[in-house]
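A quick note: this is a predicted structure, and the numbers were derived from the prediction, not measured. FYI, the numbering just counts along the sequence from 1.
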Amino acid sequence: MLIARILGDCPGCGGVRTYGNAWVRDDILQRGCTACRYKNEIWLPEVHKKTVYLDQSFFSGAFRERDPRFVRAAAKVRDATQQQLLVAPYSSLHEDETHQWRGHDGKLPADLMDFIKRTSSGHEFEPDYDIERVQILKAFQAFLSGGPSEYVLEEDDVLNENVHTWQDYIFIDVPGYFKDVEQIRELKADAVAQLVSLFDGWQRADTTFEEDVAAELRAAPKVYIEPYVEMLTEMAKGNFMVYMNAPIVTTVVESMRHCLPKVMPLREQLQRCAQFFQSEHFAQIPYQYMSARMFAALKHQVKHGAYANREDAKRRLSGVFYDVKHISLFGPYCDAITVDGPMAGLVRQPTVGLEARYGTKVFSVGTFDALEAWCDELSEGVSDDHRRGLADAYGKTA
């Protein structure tokens, strides 16, 4: 038996320093001997961890170690995760942003990604596009059945594993990133340029915040249905390769059609989907609810003079789409989230209200002392059974 942590002599064969902890799975600690078949199991107390989403700016700041505020906060988060009180999964958005980084001072994107995965102990959120699709399908099924429009958050919307278990001594990482980094960089820059190009029109618009939110939600058919119809049109012309190269968003409407009767004509199926995208069920989806309000809040800022220098705006908003996406997708499911300063101000506005609606604590570099205090509170609240579990499994206490 492979032993990860030697405890002493084997009670079975008497082997000198051959006995110790082999692995931890769920709530079971397996102990054994390297020289004989002696083994025993220790049951660990049940754990329920808090979940935090650490954004790219947090990981980058902690990784570079230039700002002591990031270093201290990262140490507190690491302590809480090692005490089995907190879990900080990484996401597909972390991978996308990390691989766009060009490296600095001899540090490479692969080094940063390794740091992120180790900080997360290998825990990973479902891919962003899967979470988006799952949320829409759940809401669509409620819409079809005539159920309540309020969206019910479930942890398995975003996680395919139970994170409320004791952490094993090792995790297996499968490295590899297969997206076209240069293409992503170009698309990101184009998207930000197109966004900033709207600012002059925004400043002239005489609309309320709620009207701006409604306008964001009304754009859904263009986002989801139009690409799908374009794909079907090309396929009808005999261009079947378009299916292989279609944007991943087309899988949303394709999945929605599977929820409808097969005998229903395609036109009626698409009309039913379009009705859903204009419904309250769609508006209450966490991702749609939050992102629509965040963009409406950004529009409000522009109307009141923010980002007057358009070239500077492109630089300052270079990561806005990633920020909106990770806050809107993951924030509602987490107990806490870190964001950069401007985004913290945005989501704390009453009209956006991430914490007020979902109970998610929002931390940024200016409030990392509150993040540290929050981690300390988690440590102070552990039970004696939990402390014994820590000592048995890892030789440490909270």
Engineer: Any cation-pi pair here, Arg204 with Trp202, using under 6.0 Å and within 45°?
Structural biologist: no

Engineer: Contact between Glu126 and Leu159 at the side-chain level, heavy atoms closer than 4.5 Å - yes or no?
Structural biologist: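 Glu126 does not reach Leu159 side chain to side chain.
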
Engineer: Can you check whether Glu234 reaches Tyr243 side chain to side chain, under 4.5 Å on heavy atoms?
Structural biologist: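 SC-SC contact between Glu234 and Tyr243 ruled out.
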
Engineer: Stepwise, does the side-chain contact (heavy atoms from CB on, under 4.5 Å) test hold for Leu144 with Leu260?
Structural biologist: CA-CA 9 Å; Leu144 294 175; Leu260 296 168; 3.8 Å; yes

Engineer: Has Lys107 got its NZ or CZ under 6.0 Å from the middle of the six-membered ring of Phe63, at an angle within 45 degrees of the ring axis?
Structural biologist: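 Satisfied, under 6.0 Å and within 45°.
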
Engineer: Between Thr165 and Lys49, do the side chains contain a donor N or O and an acceptor N or O under 3.5 Å apart?
Structural biologist: no

Engineer: Between the side chains of His123 and Glu161, is a donor N or O closer than 3.5 angstrom to an acceptor N or O?
Structural biologist: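 Short answer, yes.
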
Engineer: Walk me through whether Arg66 and Asp105 qualify under salt bridge (Lys or Arg N to Asp or Glu O under 4.0 Å).
Structural biologist: CA-CA 12 Å; Arg66 292 180 175 177; Asp105 286 343; 2.8 Å; yes

Engineer: Would Leu7 end up clustered with Trp23 when hydrophobic side chains under 4.5 Å apart are linked, directly or stepwise?
Structural biologist: no

Engineer: With side-chain contact (heavy atoms from CB on, under 4.5 Å) as the criterion, how do Trp43 and Ile28 come out once you've worked through the C-alpha distance, each side chain's angles and the decisive distance to 0.1 Å?
Structural biologist: CA-CA 5 Å; Trp43 289 86; Ile28 298 175; 3.9 Å; yes

Engineer: Step by step, work out the salt bridge (Lys or Arg N to Asp or Glu O under 4.0 Å) result for Asp312 and Arg315.
Structural biologist: CA-CA 5 Å; Asp312 184 57; Arg315 178 187 62 80; 2.6 Å; yes

Engineer: Could you check whether any side-chain heavy atom of Arg272 comes within less than 4.5 Å of a side-chain heavy atom of Phe276, counting everything from C-beta outward?
Structural biologist: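 Not touching, per the 4.5 Å side-chain cut-off.
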
Engineer: Does Thr208 use its side chain to pair, donor to acceptor, with the backbone of Glu211 at less than 3.5 Å?
Structural biologist: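 Such a contact is found between Thr208 side chain and Glu211 backbone.
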
Engineer: Are Phe368 and Phe363 near enough that their ring centres are under 6.0 Å apart?
Structural biologist: no

Engineer: When the ring planes of His300 and His304 are compared, do they come out parallel, tilted or perpendicular, using 30° and 60° as the limits?
Structural biologist: tilted

Engineer: Considering residues, nucleotides and ligands other than Lys188, do more than 12 of their heavy atoms fall under 6.0 Å from its NZ?
Structural biologist: yes

Engineer: Is Asn162 reaching over with its side chain to a backbone N or O of His164, donor-acceptor style, under 3.5 angstrom?
Structural biologist: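 Side chain of Asn162 to backbone of His164: a pair is present.
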
Engineer: So, His326 versus Phe125, ring centres under 6.0 angstrom or not?
Structural biologist: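 Centroid separation for His326 and Phe125: 6.0 Å or greater.
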
Engineer: If you define the side chain from C-beta out and look only at heavy atoms, does anything of Leu266 sit under 4.5 Å from Leu232?
Structural biologist: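 Result yes, sub-4.5 Å side-chain heavy-atom pair found.
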
Engineer: Tell me the closest heavy-atom pair linking Gln84 and Leu390, and the distance in Å.
Structural biologist: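 Heavy atoms of Gln84 and Leu390 come nearest at CG-CD2, 4.0 Å.
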
Engineer: Would a distance-only check, ignoring hydrogens and angles, find a side-chain to backbone donor-acceptor pair under 3.5 Å from Thr98 to Glu95?
Structural biologist: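 Here the side-chain-to-backbone pair does not exist.
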
Engineer: Please check: side-chain N/O of Thr250 versus main-chain N/O of Ala246, any donor-acceptor pairing under 3.5 Å?
Structural biologist: no

Engineer: Honestly curious: do Val223 and Val213 fall in one hydrophobic cluster under the side-chain, below-4.5 Å linking rule?
Structural biologist: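 Yes; tracing contacts between hydrophobic side chains, which count when under 4.5 Å, links both residues.
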
Engineer: Checking side-chain contact (heavy atoms from CB on, under 4.5 Å) for the pair Gln83/Arg78: CA distance, chi angles, key distance, verdict?
Structural biologist: CA-CA 9 Å; Gln83 293 168 17; Arg78 186 166 52 251; over 6 Å; no

Engineer: Taking atom types as modelled and ignoring hydrogens, do the side chains of Tyr228 and Glu254 form a donor-acceptor contact shorter than 3.5 angstrom?
Structural biologist: yes

Engineer: Think Arg5 forms a cation-pi with Tyr169, using NZ or CZ under 6.0 Å from the six-ring centre and within 45 degrees of its axis?
Structural biologist: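 That pair does not qualify as a cation-pi contact.
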
Engineer: Applying ring-ring contact (aromatic ring centres under 6.0 Å, His included), name anything that partners Trp166, two or more places apart in sequence or on another chain.
Structural biologist: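 Only His386 meet the ring-ring contact (aromatic ring centres under 6.0 Å, His included) criterion with Trp166.
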
Engineer: Between Gln271 and Gln275, is there a side-chain donor-acceptor contact under 3.5 Å, judged purely by atom types and distance?
Structural biologist: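 No donor-acceptor contact under 3.5 Å links the two side chains.
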
Engineer: Determine the minimum heavy-atom distance between Arg348 and Val362, stating which atoms define it.
Structural biologist: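 Scanning both residues, the minimum pair turns out to be NH2-O, 2.8 Å.
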
Engineer: So, Arg31 and Asn21: side-chain donor and acceptor under 3.5 Å apart, yes or no?
Structural biologist: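 Asn21 and Arg31 do have a side-chain donor-acceptor pair below 3.5 Å.
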
Engineer: Do the two ring centres, one from Phe59 and one from His94, sit under 6.0 Å apart?
Structural biologist: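 They qualify: ring centres under 6.0 Å apart.
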
Engineer: Has the side chain of Asp111 got a donor or acceptor atom that lies under 3.5 Å from a matching backbone atom of Leu108?
Structural biologist: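 Judged by distance alone, yes, a pair lies under 3.5 Å.
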
Engineer: Is it true that atom CZ of Arg118 has more than 12 heavy atoms of other residues, nucleotides or ligands lying nearer than 6.0 Å?
Structural biologist: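 Check fails, neighbour count at 12 or below.
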
Engineer: Does the side chain of Tyr19 pick up a donor-acceptor pair with the side chain of Asp9 at under 3.5 Å?
Structural biologist: no

Engineer: Would you check, one step at a time, whether the test side-chain contact (heavy atoms from CB on, under 4.5 Å) holds for Ile136 with Ile285?
Structural biologist: CA-CA 7 Å; Ile136 288 176; Ile285 292 173; 3.9 Å; yes

Engineer: Using modelled atom types only, decide if a donor and an acceptor are shared between the side chain of Ser60 and the backbone of Ser57 within a distance under 3.5 Å.
Structural biologist: no

Engineer: Would you please indicate yes or no on a ring centroid separation below 6.0 angstrom for Phe282 and Phe143?
Structural biologist: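 No - the distance between ring centres of Phe143 and Phe282 does not fall below the 6.0 Å cut-off.
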
Engineer: Which pair of heavy atoms, one from Tyr90 and one from Lys117, lies closest together, and at what distance?
Structural biologist: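 Nearest pair, atom of Tyr90 first, then Lys117: OH-CE, 3.5 Å.
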
Engineer: For residues 327-346, dump all side-chain donor-acceptor pairs below 3.5 Å to protein atoms at least two apart in sequence or in another chain.
Structural biologist:
{"from": "Ser328", "atom 1": "OG", "to": "Ser291", "atom 2": "N", "distance (Å)": "3.2"}
{"from": "Ser328", "atom 1": "OG", "to": "Val324", "atom 2": "O", "distance (Å)": "2.7"}
{"from": "Tyr333", "atom 1": "OH", "to": "Gln135", "atom 2": "NE2", "distance (Å)": "3.0"}
{"from": "Tyr333", "atom 1": "OH", "to": "Asp157", "atom 2": "OD2", "distance (Å)": "2.8"}
{"from": "Asp335", "atom 1": "OD2", "to": "Thr51", "atom 2": "N", "distance (Å)": "2.8"}
{"from": "Thr338", "atom 1": "OG1", "to": "Asp55", "atom 2": "N", "distance (Å)": "2.9"}
{"from": "Thr338", "atom 1": "OG1", "to": "Asp55", "atom 2": "OD1", "distance (Å)": "2.8"}
{"from": "Asp340", "atom 1": "OD1", "to": "Met343", "atom 2": "N", "distance (Å)": "3.0"}

Engineer: Of all the heavy-atom pairs spanning Tyr394 and Gln167, show the shortest one and how long it is.
Structural biologist: OH-O, 2.6 Å

Engineer: Classify the ring geometry between Tyr224 and Phe277 as parallel (under 30°), tilted (30 to 60°) or perpendicular (over 60°).
Structural biologist: parallel

Engineer: Taking the side chain from Lys138 and the backbone from Val152, do they hold a donor-acceptor pair closer than 3.5 Å?
Structural biologist: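 Yes; judged by distance alone, with no hydrogens or angles, the pair exists.
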
Engineer: Measure from the side-chain N and O atoms of Lys76 to the backbone N and O of Val71, and report whether any donor-acceptor pair falls under 3.5 Å.
Structural biologist: no

Engineer: If hydrophobic clusters are built from ILVMFWY residues whose side chains come within less than 4.5 Å, do Val134 and Val163 share one?
Structural biologist: no

Engineer: Whether the side chain of Ser149 engages the backbone of Glu280 through a donor-acceptor N/O pair (distance < 3.5 Å, no angle test) should be reported.
Structural biologist: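 Flag not set: sc Ser149 to bb Glu280 has no pair under 3.5 Å.
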
Engineer: Going by distance alone, is a donor N or O of one side chain under 3.5 Å from an acceptor N or O of the other, for Lys39 and Gln30?
Structural biologist: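 The criterion, which ignores hydrogens and geometry beyond distance, is not satisfied for Gln30 and Lys39.
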
Engineer: Between Gln269 and Pro261, which heavy-atom pair has the shortest distance, and what is it?
Structural biologist: NE2-O, 3.3 Å

Engineer: Taking atom CD of Glu154 as the centre, report whether more than 12 heavy atoms of other residues, nucleotides or ligands fall under 6.0 Å from it.
Structural biologist: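 Yes, CD of Glu154 has more than 12 neighbouring heavy atoms, counting only those of other groups under 6.0 Å.
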
Engineer: Can you see whether Gln100 engages Tyr322 through a side-chain donor-acceptor pair at a distance of less than 3.5 angstrom?
Structural biologist: yes

Engineer: Hey, any chance Met235 and Leu270 share a hydrophobic cluster, counting ILVMFWY side chains that come within less than 4.5 Å of each other, even indirectly?
Structural biologist: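 As far as the 4.5 Å side-chain criterion goes, Leu270 and Met235 are connected within one cluster.
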
Engineer: At their closest point, which heavy atom of Phe70 faces which heavy atom of Ala62, and how far apart are they?
Structural biologist: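 Nearest heavy atoms, Phe70 then Ala62: CB-N, 3.7 Å.
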
Engineer: Do Glu124 and Ser91 have a side chain donor and acceptor closer than 3.5 Å?
Structural biologist: no

Engineer: I'd like to check Ser120 versus Pro89 (side-chain heavy atoms, cut-off strictly below 4.5 Å). Are they in contact?
Structural biologist: no

Engineer: Counting heavy atoms not belonging to Lys361, are there more than 12 under 6.0 Å from its NZ?
Structural biologist: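 Not buried by this count: 12 neighbours or fewer within 6.0 Å.
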
Engineer: Give a yes or no on whether the backbone of Val253 and the side-chain of Arg257 come within a donor-acceptor separation of less than 3.5 Å.
Structural biologist: no

Engineer: Give a yes or no on whether a salt bridge exists between Arg185 and Asp190, defined as a side-chain N under 4.0 angstrom from a carboxylate O.
Structural biologist: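 Here Arg185 does not pair with Asp190 in a salt bridge, since their nearest N and O are not under 4.0 Å apart.
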
